[in-house]
Number of protein chains: 2
Amino acid sequence: MKKTILVFGLLILALLLLFQFSKYALISSHLTIEIIIAVIAIVFFSIGVFLNKKSLHQKTNNSEAIDYEKIKELEISDREYDVLLGISEGLSNKEIGEKLFVSESTIKTHVSNLLVKLNAKRRTHALQIAKDLNII
Amino acid sequence: MKKTILVFGLLILALLLLFQFSKYALISSHLTIEIIIAVIAIVFFSIGVFLNKKSLHQKTNNSEAIDYEKIKELEISDREYDVLLGISEGLSNKEIGEKLFVSESTIKTHVSNLLVKLNAKRRTHALQIAKDLNII
DNA sequence: AGCGCTTTGGTACTTTAGTATGAGTACTTT
DNA sequence: AAAGTACTCATACTAAAGTACCAAAGCGCT
């Protein structure tokens, strides 16, 4: 929000500077009106591109970044999150166990707890929910 | 590519029109230079935003867009793809069957064929592969 | 009409997944 | 020291998922 105000302030400043510049240029007749218009066009075109790129990047980043706050909020433990990542890699409980050096039983416990915490019926459902919440 | 040329053509046209307009406006003195500059600034700012949005959308869409060619390449049938979408929604075979108005047996057949075609061991694995190939 | 393909569905079976319950260890907080 | 929490693991069970095989209906193509 503060950034937005700053950017708009700079924009208005740029606009005023261009007004002054164009007046001076016309009076002194060193530059033709075409060039002034071209300069203004290029400047504002660039500003438009720049601003849009920033805002769009924020949006795309938001949909890709992992929401660690949400993970805490759901009380998902570290180990449970490891298991969730294993599931998202398409591994079986046994394979996840081998990867984390624990038994399949342990993974089953973690998965069960995960399903409760994510309010999911199946591991695939959990995956869908987790993606929706931006936690994987 | 053709679109790009078209857009640039229109841009140049707009620029020329603005030149003529500004000249006429100055001669007839109906408008001040400030207003002309403001109009030009707004117009080109908008053009910048618009063009950038288009190009960025193409980029983001590319990493999200579904690769239908790949689906054909893998010889995944329409129905199998429906089932794949059901899996990605976290549904059980039974639920997918209800959604598509067919029996669970049918879904099992489709899933089995899908796993072979995607070279996956499990439905979660199929999901991971499908995401990797940009087909879901 | 016959061929190939998709879609559908079934049976029988094996393998994973998931639930319920109990229990031990370790580490932190009160 | 006691309570709480996270992690571990096991048993016993039920429920899904997945495999293998077979079979029939429907559609487009030649």
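Residue numbering restarts at 1 for every chain, and letters A, B, ... go by the order of the sequence lines. Everything quoted here is computed from the prediction, not taken from an experiment.
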With sequence neighbours left out, what residues match B:D67 under side chain to side chain donor-acceptor pair (under 3.5 Å)? none
Relative orientation of the end axes in the helix from C:dA1-D:dT30 to C:dT30-D:dA1, expressed as an angle to the nearest 10° (five pairs per end): 50°
Check nucleotides 26-30 of chain C for protein N or O atoms closer than 3.5 Å to its own N or O atoms and list the pairs.
none

Check side chain to side chain donor-acceptor pair (under 3.5 Å) between A:Q128 and all other residues, then give those that pass, not counting sequence neighbours. none
In this structure, CG of A:N119 is separated from NE2 of A:H125 (nearest 0.5 Å) by 7.5 Å
On a heavy-atom basis, the closest approach of A:L115 and A:A126 is CD2-CB, 3.8 Å
Contact list please: residues 67-82 of chain B against DNA chain D, heavy atoms, distance less than 4.0 Å, in numerical order. none
Does the pair A:L84 and A:I135 meet the rule for a side-chain contact (heavy atoms from CB on, under 4.5 Å), with working shown? CA-CA 10 Å; A:L84 183 58; A:I135 62 177; 4.2 Å; yes
Starting at NE2 of A:H110, measure out to OG of A:S105 and round the result to the nearest 0.5 Å. 11.0 Å
Listing request: all salt bridge (Lys or Arg N to Asp or Glu O under 4.0 Å) pairs with a residue in residues 90-101 of chain A, at least two apart in sequence or in separate chains. A:E89-A:K99, A:E95-B:K121, A:E95-B:R122
May I have all residue pairs that pass salt bridge (Lys or Arg N to Asp or Glu O under 4.0 Å) and include part of residues 109-119 of chain A, sequence neighbours excluded? A:E80-A:K117
Could you tell me which non-hydrogen atom of A:R79 sits nearest to which non-hydrogen atom of A:L100, and how far apart they are? NH2-O, 3.0 Å
Going by side chain to side chain contact (heavy atoms under 4.5 Å, CB included), B:I87 matches just one of B:I136, B:D82, B:V111, B:T124. Which one? B:V111
Let me have the donor-acceptor pairs involving side chains of residues 69-76 of chain A, under 3.5 Å, with sequence neighbours excluded, atom names and distances please.
residue	atom	partner	partner atom	Å
A:K70	NZ	A:E73	OE2	3.4

For DNA chain C, find the residues of residues 83-110 of chain A with a heavy-atom distance under 4.0 Å and give them by number; none if there aren't any. A:S92, A:N93, A:K108
Could you tell me the separation between the CG atom of A:N113 and the CG atom of A:L118, rounded to the nearest 0.5 Å? 11.0 Å
On a heavy-atom basis, the closest approach of B:I129 and B:A120 is CD1-CB, 3.7 Å
Under the side chain to side chain donor-acceptor pair (under 3.5 Å) test, which residues partner B:S112, sequence neighbours left out? none
Atom CG of A:L127 and atom P of C:dG18: how far apart are they, to the nearest Å? 11 Å
Are any of A:R122's side-chain N or O atoms less than 4.0 Å away from OP1 or OP2 of C:dA17? no
Got a sec, which residues hit side chain to side chain donor-acceptor pair (under 3.5 Å) with A:T106, two or more places apart in sequence or on another chain? A:S103
Considering only heavy atoms of chain B and a distance under 4.0 Å, specify the first and last nucleotide of DNA chain D in 5' to 3' order that meet this criterion. D:dA17 to D:dT19
